[in-house]
Q: 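Quick one: the structure is below, and I'll ask about it shortly.
Sequence positions, counted from 1, serve as the residue numbers for this chain.
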Amino acid sequence: MSSHDSHELPEEVLAHLTWDDNSKVYFCYERFNMIETNWGTFKRNWKNFLFYDDGALLISAKRKETLSFKENGSVLIGTRAPVQPTK
């Protein structure tokens, strides 16, 4: 799916991520970098987060839905596997 020139996230993304605006999310880019914000802030300003968009991930600690942003402007919608606690 292409991100278009709109300021809003694509409809498919908003339909997939039915998170509360106050939900804590993490924008992960490069190998060791992560920005913590909330879903409402990310939705309003998502294009500003794409200074590094090749393989960047948006995840939530409490939800399994995820987004992956690609350099060509596409957004991959997915669901991550549950994380197993370490022993």
Q: Nearest 0.5 Å, please: how far is CZ in Phe49 from CH2 in Trp46?
A: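 Between Trp46 CH2 and Phe49 CZ, I get 12.0 Å after rounding to 0.5 Å.
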
Q: How long is the span from the OG atom in Ser23 to the CZ atom in Arg63, to the nearest 0.5 Å?
A: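 Rounded to the nearest 0.5 Å, the OG-CZ separation comes to 6.5 Å.
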
Q: If hydrophobic clusters are built by linking Ile, Leu, Val, Met, Phe, Trp and Tyr wherever their side-chain heavy atoms come under 4.5 Å apart, do Val75 and Leu50 end up in the same one?
A: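 Cluster IDs for Val75 and Leu50 match.
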
Q: Just by distance, do the side chain of His16 and the backbone of Glu65 share a donor-acceptor pair under 3.5 Å?
A: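 Pair absent, no side-chain N/O of His16 close to backbone of Glu65.
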
Q: Can you see which heavy atom on Thr66 is nearest to which on Ile59, and at what distance?
A: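 Between these two residues, the closest heavy atoms are OG1-CG2, 3.3 Å.
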
Q: May I ask you to check whether Tyr29 and Phe51 place their ring centres under 6.0 Å from each other?
A: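 Phe51 vs Tyr29: aromatic centres under 6.0 Å.
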
Q: When rounded to the nearest 0.5 angstrom, what distance separates CD1 in Ile77 from CG in Leu14?
A: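 If I round to the nearest 0.5 Å, the distance is 9.0 Å.
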
Q: Hey, are the side chains of Trp19 and Ser60 touching, using non-hydrogen atoms and a 4.5 Å cut-off?
A: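 Touching, per the 4.5 Å side-chain cut-off.
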
Q: Would you say the side-chain atoms of Asn38 pair up with the backbone N or O of Thr41, donor to acceptor, closer than 3.5 Å?
A: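 Answer holds: yes.
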
Q: Restricting to side-chain hydrogen bond (donor to acceptor under 3.5 Å, both in side chains), what partner residues turn up for Lys64, sequence neighbours left out?
A: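 Partners of Lys64 by the side-chain hydrogen bond (donor to acceptor under 3.5 Å, both in side chains) criterion come out as none, since no residue qualifies.
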
Q: Would Trp39 and Asn22 count as a side chain to side chain contact (heavy atoms under 4.5 Å, CB included) here? Give the steps.
A: CA-CA 6 Å; Trp39 175 233; Asn22 293 320; over 6 Å; no

Q: If you round to the nearest 0.5 Å, how far is CZ of Phe27 from OG1 of Thr37?
A: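 So the gap between those two atoms works out to 11.0 Å.
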
Q: If I compare all heavy atoms of Ala15 with all of Thr18, which pair ends up nearest, and what's the gap?
A: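 So the two residues come closest at O-CG2, 3.5 Å.
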
Q: Return the minimal non-hydrogen interatomic distance between Lys43 and Asp21, and the atom names on each side.
A: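 Taking Lys43 first and Asp21 second, the nearest heavy atoms are NZ-OD1, 2.8 Å.
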
Q: To the nearest 0.5 angstrom, please state how far the CZ atom of Arg80 sits from the OG atom of Ser68.
A: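 Reported value, rounded in 0.5 Å steps: 14.0 Å.
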
Q: How close do Leu76 and Lys70 get, heavy atom to heavy atom, and via which atoms?
A: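 In this case the closest contact between Leu76 and Lys70 is CD1-CE, 3.4 Å.
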
Q: For Glu30, enumerate each residue passing the salt bridge (charged side-chain N to carboxylate O under 4.0 Å, His left out) test, keeping only those at least two apart in sequence or located in another chain.
A: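 Partners of Glu30 under the salt bridge (charged side-chain N to carboxylate O under 4.0 Å, His left out) test: none.
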
Q: Can you tell me how far OH of Tyr26 sits from CE of Met34, rounded to the nearest 0.5 angstrom?
A: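 Interatomic distance, Met34 CE to Tyr26 OH, rounded to 0.5 Å: 6.5 Å.
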
